[in-house]
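Accompanying notes for the structure given below.
These numbers come from the heavy atoms of this one structure, side chains and all, not from hydrogens, waters or symmetry mates.
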Amino acid sequence: SIFRAVPAAIGVVTNEILTEVNPQMCEMLGRSAEEFVGQSPRIIYPTDEDFEYVDREICAQIDRHGIGTVETRWKRKDGRIVDVLLRSSSIDRLDLSAGVTFAAIDISERKQVEESLRRSELLQAEAEKLAATGQMAAEVAHEINNPMGFIQSNLGTLSEYAEDLTDLLEGHRCLEEKMEKGDAEGVQAAQKEVQRKMEEMDVGFILEDLTSLVAESQEGEIGRAHV
């Protein structure tokens, strides 16, 4: 008969009791027909919540359309959960007490594929977030390194200027010593040396550039602090 030939779990519920099941249902849930017949359909569900949800949804759909379809979970005798697509129909739409027939197919494999896809999508989303975070970190580092590099460059120039000006001050100190000793020849020589150093280092430019370098370094430090 069709009841036995259809490759789906099929059963009949009358007055909230299982009255008939086909071999495919027995195979799907690992039970004999005798273990089903005479029992409440609750026996095939893992929790009260699953059973009550299906009962509520199926009854509501049958009332509206004469047929109800829902995805749910069944429980095998060994405890393993089976995801099923369940469809139920009243034998007599005008008299639900006449019984309800149902058919279910195992969709566990489809569910596993869907879950794998969902996890893949989550992993991809996380990977994209990490990539975006990495890019943001790189941009922040770039923003920090730019002013820092600028400041370091200015400090290098300021260090060179400091050496030149220290050398010039040493020349002036030597000149003062010669003047205090009344060493005319020494004073003349020291004056020439100081003049030579001032021309070589372009003191006017250094003094002007010092102000600019300090101001630029302060701006760079402010920019880094904002980052």
Side-chain angles (χ1 to χ4, degrees), residues 1-140:
S1 69
I2 296 177
F3 192 75
R4 294 177 176 275
V6 173
I10 299 176
V12 177
V13 175
T14 304
N15 295 323
E16 301 183 359
I17 296 296
L18 289 164
T19 57
E20 192 172 1
V21 295
N22 72 343
Q24 286 76 10
M25 183 165 175
C26 295
E27 181 180 354
M28 181 185 290
L29 298 184
R31 292 178 181 270
S32 66
E34 290 74 14
E35 291 178 274
F36 287 115
V37 175
Q39 299 292 326
S40 164
R42 170 66 180 84
I43 193 177
I44 66 179
Y45 292 92
T47 68
D48 289 337
E49 289 75 14
D50 288 300
F51 173 62
E52 291 167 2
Y53 168 74
V54 171
D55 184 55
R56 184 172 59 253
E57 284 294 312
I58 290 295
C59 287
Q61 292 182 37
I62 288 177
D63 283 342
R64 291 194 300 268
H65 313 294
I67 193 169
T69 303
V70 67
E71 288 187 6
T72 186
R73 302 183 306 162
W74 281 0
K75 183 179 180 181
R76 287 176 50 87
K77 186 176 182 179
D78 60 13
R80 184 167 63 86
I81 300 299
V82 180
D83 293 298
V84 298
L85 176 63
L86 175 66
R87 175 164 290 189
S88 300
S89 175
S90 58
I91 295 174
D92 183 347
R93 186 173 180 181
L94 299 178
D95 181 14
L96 293 181
S97 65
V100 173
T101 60
F102 64 84
I105 58 173
D106 187 344
I107 58 171
S108 299
E109 185 174 344
R110 194 201 78 189
K111 283 289 189 179
Q112 290 173 1
V113 172
E114 290 176 350
E115 180 63 16
S116 296
L117 288 174
R118 187 184 69 82
R119 290 183 179 181
S120 296
E121 290 172 354
L122 288 175
L123 288 173
Q124 182 177 354
E126 288 300 318
E128 290 174 354
K129 287 180 182 178
L130 288 174
T133 301
Q135 179 63 30
M136 184 182 297
E139 291 174 357
V140 170

Within-4.5 Å side-chain heavy-atom neighbours: S88 and T101: no
Atom pair CD1 (I107) and OG1 (T72), whose distance is rounded to the nearest 0.5 Å: 9.0 Å
For I105 against A8, the heavy-atom pair lying closest together: CG2-CB, 3.9 Å
I58 backbone acceptor or donor facing Q61 side chain under 3.5 Å: no
Parallel, tilted or perpendicular: ring planes of F102 versus W74, cut at 30 and 60 degrees: perpendicular
Validation row: I91, V12 side chains within 4.5 angstrom (heavy atoms): yes
Considering all heavy atoms, the nearest G66-S89 contact: O-OG, 3.4 Å
Donor-acceptor under 3.5 Å (S108 side chain, D83 main chain): yes
Flag if over 12 foreign heavy atoms under 6.0 Å of CZ, R31: yes
Donor-acceptor contact below 3.5 Å, side chain R42 vs main chain F51: no
Closest approach of M25 to I44 (non-hydrogen atoms, all atoms of both residues): CE-CG2, 3.8 Å
Heavy-atom side-chain contact between T69 and L85 under 4.5 Å: yes
Heavy-atom closest contact (R76 atom, G30 atom, distance): NH1-N, 3.6 Å
Closest heavy-atom pair and its distance - S32, C26: C-SG, 3.8 Å
Pair R110 + E71, salt bridge at N-O below 4.0 Å: yes
V70 and L86, any side-chain heavy atoms less than 4.5 Å apart: yes
Minimum-distance pair of heavy atoms, taken over all atoms of E35 and Q39: O-CG, 3.3 Å
Derivation of the side-chain contact (heavy atoms from CB on, under 4.5 Å) call for L18 and V37: CA-CA 5 Å; L18 289 164; V37 175; 5.8 Å; no
CD on Q24 to CD1 on I10, rounded to 0.5 Å: 7.0 Å
Salt-bridge contact R73-D50 (side-chain N to carboxylate O under 4.0 Å): yes
pair D106-M28: side-chain heavy atoms closer than 4.5 Å: yes
